[in-house]
Visitor: 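Structure below; questions to follow.
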Amino acid sequence: MCALWRGLSPMSDPASASVQDRLSGLLAQAVASLLPQGEEPPLCVFERSRPDFASDYQSAVAMQLARTLRRPPRDIAGQLAELLAESAGELVEAPEVSGPGFLGVRVSEACLAGELARCLGSERLNVPQECSGTVVIDYSSPNVAKRMHIGHIRSTVIGDALRRMGSFLGYKVIADNHIGDWGTQFGQLIYAYRNWLDAEQFDQDPVGELERLYVRFHKEADASPELHDAAREELRKLQAGDPDNFALWTLFRRSSRDAFDSLYDRLGVEFDVTHGESHYKDALGPLVEDLLEQGIAEHSEGAVCVFFRDEHGEDTMTPFLVQKKDGAHLYATTDLATVQFREKEWSPVRMIYVTGGPQQLHFRQVFETSRRMGVTTDMVHVWFGMMSLPEGAFSTRKGNVILLDELLDEAEGRARALQVERLEARGETWSEDELDRLARTLGLGAVKYADLSNNPQTNVVFSFDRMLSFEGNTAPYLQYTSARTNSLARKATDKGLPPPDGRTFVAAHDADRELLLHTLDLGRRVAQAFDEGKPSFLATYLHELATKYHHWYAACPVIQADDEALALSRLNLNQLARRSLVLGLDLLGIGVPERM
RNA sequence: GGAGCCGUAGCUCAGUUGGAUAGAGCGCUGGCCUCCGAAGCCAGAGGUCGUGGGUUCGAAUCCCGCCGGCUUCACCA
């Protein structure tokens with residue numbers, strides 16, 4: 001995998017590399033010249049300095065070299081400063097040494113102007129597109145015949161953001177919705193459908209009715225356990241290819257897919273393929289035989305199992321069951337067959353699974369078993385804590401769920417009410433149509449951002465207020481910021497200022513420099529967010545950007561700027577901030593309104 | 001009991017190759033709309049980074065012990 005955020009990649013064309021990467025490269029050359037032949041240099045990078053230091057970028061490399069060179073770090077830093085003054089003279093003002101041996105540089109105004117021009121001149125704001133290879137991302141993966149509730153949102157939203165970031169960085173991404181469309185519950189559903197169907201209900205809301213049948217089955221089976229035998233028989237017939245049962249299964253699957261699709265549509269979430277578990281049903285038997293033949297799995301207590309043992313024969317991990325005593329296959333078997341299929345079909349460089357934390361053991365087992373099967377692909381489990389209600393865990397069977405549609409309705413309702421209130425205060429009126437569109441953008445953004453802005457691997461108790469906040473570090477705050485940039489640009493045009501020229505930059509105020517420098521970091525942060533499987537890194541970046549924008553806005557007059565060059569520079573910065581926000585939010589799957 | 005994850009401000013959480021004075025949001029105190037949009041900005045209070053050791057020039061970050069919480073431990077997915 002390429003890790004652009006760690007610095008200059010070997011493929012980079014130095015001319016298109018960021019200042020930060022170019023400076024790091026020059027630093028590496030300087031360091032190499034100080035080291036004796038054959039000595040391995042430490043990683044030489046410049047990082048952003050804290051905002052209250054005079055330098056823009058700093059490096060701690062001199063301190064790391066002190067031991068090998070047996071010299072005081074400040075001496076080394078001083079020498080590096082001289083070398084950099086030579087090699088990087090056009091990029092930076094005189095490098096300086098501070099503290100225990102930090103080497104700091106301040107980027108020259110000419111160089112900053114060049115960076116601004118390169119950024120604004122690039123459709124993709126200079127975010128590198130150097131990654132290649134296929135990445136498979138497995139997310140959302142709801143079960144057929146159940147309505148999607150808020151427990152599904154995290155996987156869906158995080159996975160979709162990873163899909164967007166990955167393809168923007170240049171990967172060929174295959175988003176695979178691994179829906180639960182095969183297994184025990186279908187015997188139960190078929191039995192329940194034949195006995196208790198409310199045809200009218202099914203017509204109106206097929207998935208709701210299927211869910212009701214599923215719940216009823218479990219309630220009835222509690223009283224009459226023999227129902228499980230009847231359901232098993234239906235399942236057996238289905239798996240043996242019985243045409244009637246197969247037709248019912250197809251019906252359940254189709255109606256669920258339709259319901260999922262309309263919800264994904266509402267969410268703005270996409271997939272490239274939806275190979276459910278059923279896609280692998282014929283591969284399971286041969287797979288188990290394969291595992292046995294290769295000695296990866298063995299018979300144990302009538303079942304087939306993969307063991308993980310150390311050299312003393314002690315278990316290092318819980319055994320992994322791939323076939324039950326009765327010959328039936330499991331989630332584990334399907335997941336291994338899925339890995340095999342994806343390898344053969346797509347030869348990916350990485351497979352990413354986005355699921356809840358309780359499945360950590362399962363995926364460690366899947367990954368380890370896959371490795372024994374010869375799979376060398378990088379496999380990553382991106383996990384998150386589970387959501388629950390104040391009264392306990394969600395349970396479809398008990399009926400205590402909050403549906404995703406309800407959450408979105410509530411979000412849009414709140415956004416709309418807030419907007420109406422604000423419009424009244426401003427004495428404006430909007431068309432119903434525009435209000436609706438805004439409510440959708442803000443409501444959906446708030447919901448998504450709540451799950452993207454932090455990565456709590458601890459569990460969360462759901463509350464509407466928690467999830468639908470519109471103040472502080474939220475999507476509406478970022479959307480508001482973007483609307484504000486539009487407003488400023490409109491106002492400038494109205495006042496007869498020239499449009500941004502895409503190249504003028506005047507470092508009149510620290511806030512001018514700070515805003516520009518921050519936007520230059522977008523590419524690195526996107527790459528890092530994708531690589532670590534943490535969209536929250538990008539969300540944090542965007543929140544910093546919005547905060548810096550507001551700070552700049554308060555400190556730096558644009559329309560009333562002292563001269564035309566400065567006004568132009570600030571209109572450029574305004575545009576850069578807007579485009580960065582819009583792009584970053586889009587990579588998270590969040591849209592922006594023109595005004596709000 | 002084994003394994004995994006977590007413990008940071010009153011609350012919810014950021015903090016990733018170990019770097020200077022640990023950050024944000026909510027809440028709290030005070031200020032800012034005749035001035036480019038107050039879903040905003042500025043200032044302030046609030047911290048033994050669970051705890052004890054270790055490694056290091058330097059530790060919230062790495063290693064070990066302990067305390068507390070969550071998850072999981074073969075025939076569900």
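It should be emphasised that the depicted structure is a prediction, and the values quoted were computed from it without experimental measurement.
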Visitor: So, taking the atom named CZ in A/F102 and the one named CE in A/M63, what distance separates them when rounded to the nearest 0.5 Å?
Guide: 3.5 Å
Visitor: Would you say A/R422 places a side-chain N or O within less than 4.0 Å of OP1 or OP2 belonging to B/A39?
Guide: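 The answer is yes; a side-chain N or O of A/R422 sits under 4.0 Å from OP1 or OP2.
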Visitor: Contact class for A/C44 vs. all strands (heavy atom < 4.0 Å): base, sugar-phosphate, or nothing?
Guide: nothing
Visitor: Since syn is defined as within 90° of 0, does B/C33 count as syn or as anti?
Guide: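 What B/C33 shows is a syn base, its glycosidic angle lying within 90° of 0.
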Visitor: Assess whether one donor atom and one acceptor atom, taken from the side chain of A/Q419 and the base of B/A39, lie less than 3.5 Å apart.
Guide: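 In this structure, the two groups form a donor-acceptor pair.
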Visitor: Write down the partner of B/G52 under the Watson-Crick or G-U wobble criteria, each distance required to be under 3.5 Å.
Guide: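 B/C64 - that is the nucleotide pairing with B/G52, both distances being under 3.5 Å.
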Visitor: Carefully, step by step, assess A/R595 and A/E434 under the rule salt bridge (Lys or Arg N to Asp or Glu O under 4.0 Å).
Guide: CA-CA 10 Å; A/R595 56 174 188 161; A/E434 186 171 10; 2.9 Å; yes
Visitor: What's the CZ-C1' distance between A/F363 and B/C5, to the nearest Å?
Guide: 16 Å
Visitor: Would you mind listing every side-chain hydrogen bond (donor to acceptor under 3.5 Å, both in side chains) that reaches into residues 553-573 of chain A, with sequence neighbours excluded?
Guide: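 Residue pairs passing side-chain hydrogen bond (donor to acceptor under 3.5 Å, both in side chains), neighbours aside: A/D501-A/N572, A/D512-A/R570.
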Visitor: How long is the straight-line distance from CG of A/L573 back to CD of A/E514, given to the nearest 0.5 Å?
Guide: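 Result: 11.5 Å between the selected atoms.
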Visitor: Any salt bridge linking A/E532 with A/K534? Criterion: basic side-chain nitrogen under 4.0 Å from a carboxylate oxygen.
Guide: no
Visitor: With a 3.5 Å limit on both atom pairs, tell me what B/A43 is paired to, counting Watson-Crick and G-U wobble, or say none.
Guide: B/U29
Visitor: Taking OP1 and OP2 of B/A22, is either one under 4.0 Å from a side-chain nitrogen or oxygen of A/R50?
Guide: no
Visitor: For nucleotides 69-77 of chain B, give me one character per nucleotide, 5' to 3': B if any protein heavy atom sits under 4.0 Å from the base, S if the only such contacts are to the sugar-phosphate, - if neither.
Guide: -SSSSBBSB
Visitor: Could you please name the partner base of B/G4, counting Watson-Crick and G-U wobble pairs only when both distances are under 3.5 Å?
Guide: B/C70
Visitor: Within the structure, does a side-chain N or O atom of A/Y553 lie under 4.0 Å from either OP1 or OP2 of B/G37?
Guide: yes
Visitor: Would you say A/Q359 and A/Y331 are linked by a side-chain donor-acceptor pair, where the criterion is simply a distance under 3.5 Å?
Guide: yes
Visitor: I need the minimum non-hydrogen distance between A/S155 and A/V354, along with the two atoms involved.
Guide: OG-O, 2.8 Å
Visitor: Considering only the C1' atoms, how many Å lie between B/A77 and B/G15, rounded to the nearest integer?
Guide: 35 Å
Visitor: Reckon A/K491 has a side-chain N or O less than 4.0 Å from the OP1 or OP2 of B/G37?
Guide: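 For A/K491, the contact criterion (side-chain N or O under 4.0 Å from OP1 or OP2 of B/G37) is met.
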Visitor: Could you tell me the separation between the CD atom of A/Q528 and the C1' atom of B/U17, rounded to a whole number of Å?
Guide: 11 Å
Visitor: Using the closest heavy atom to pick a nucleotide of RNA chain B for each, name whichever of A/F537 or A/L488 lands nearer the 5' end.
Guide: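 Going by which nucleotide is closer to the 5' end, it is A/F537.
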Visitor: When the P atoms of B/A22 and B/A45 are considered, how many whole Å apart are they?
Guide: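 Result for the P pair: 14 Å, nearest Å.
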Visitor: Quick one: does A/D181's side chain have a donor or acceptor within less than 3.5 Å of a partner on A/V144's backbone?
Guide: no
Visitor: Less than 5.5 Å between centroids and less than 30° between ring planes, does A/F102 satisfy that with B/A20?
Guide: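 Stacked: centres under 5.5 Å apart, planes under 30°.
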Visitor: Base, sugar-phosphate or nothing for A/E544? Non-hydrogen atoms, less than 4.0 Å.
Guide: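 Nothing, no heavy atom under 4.0 Å.
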Visitor: When you measure from the side-chain N and O atoms of A/R484 to the phosphate of B/A38, is any distance below 4.0 Å, counting only OP1 and OP2?
Guide: yes
Visitor: Using heavy-atom distances to pick each residue's nearest nucleotide on RNA chain B, tell me which of A/T547 and A/W383 is more 5'.
Guide: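 Mapping each residue to its closest nucleotide by heavy atoms, the 5'-most match is A/W383.
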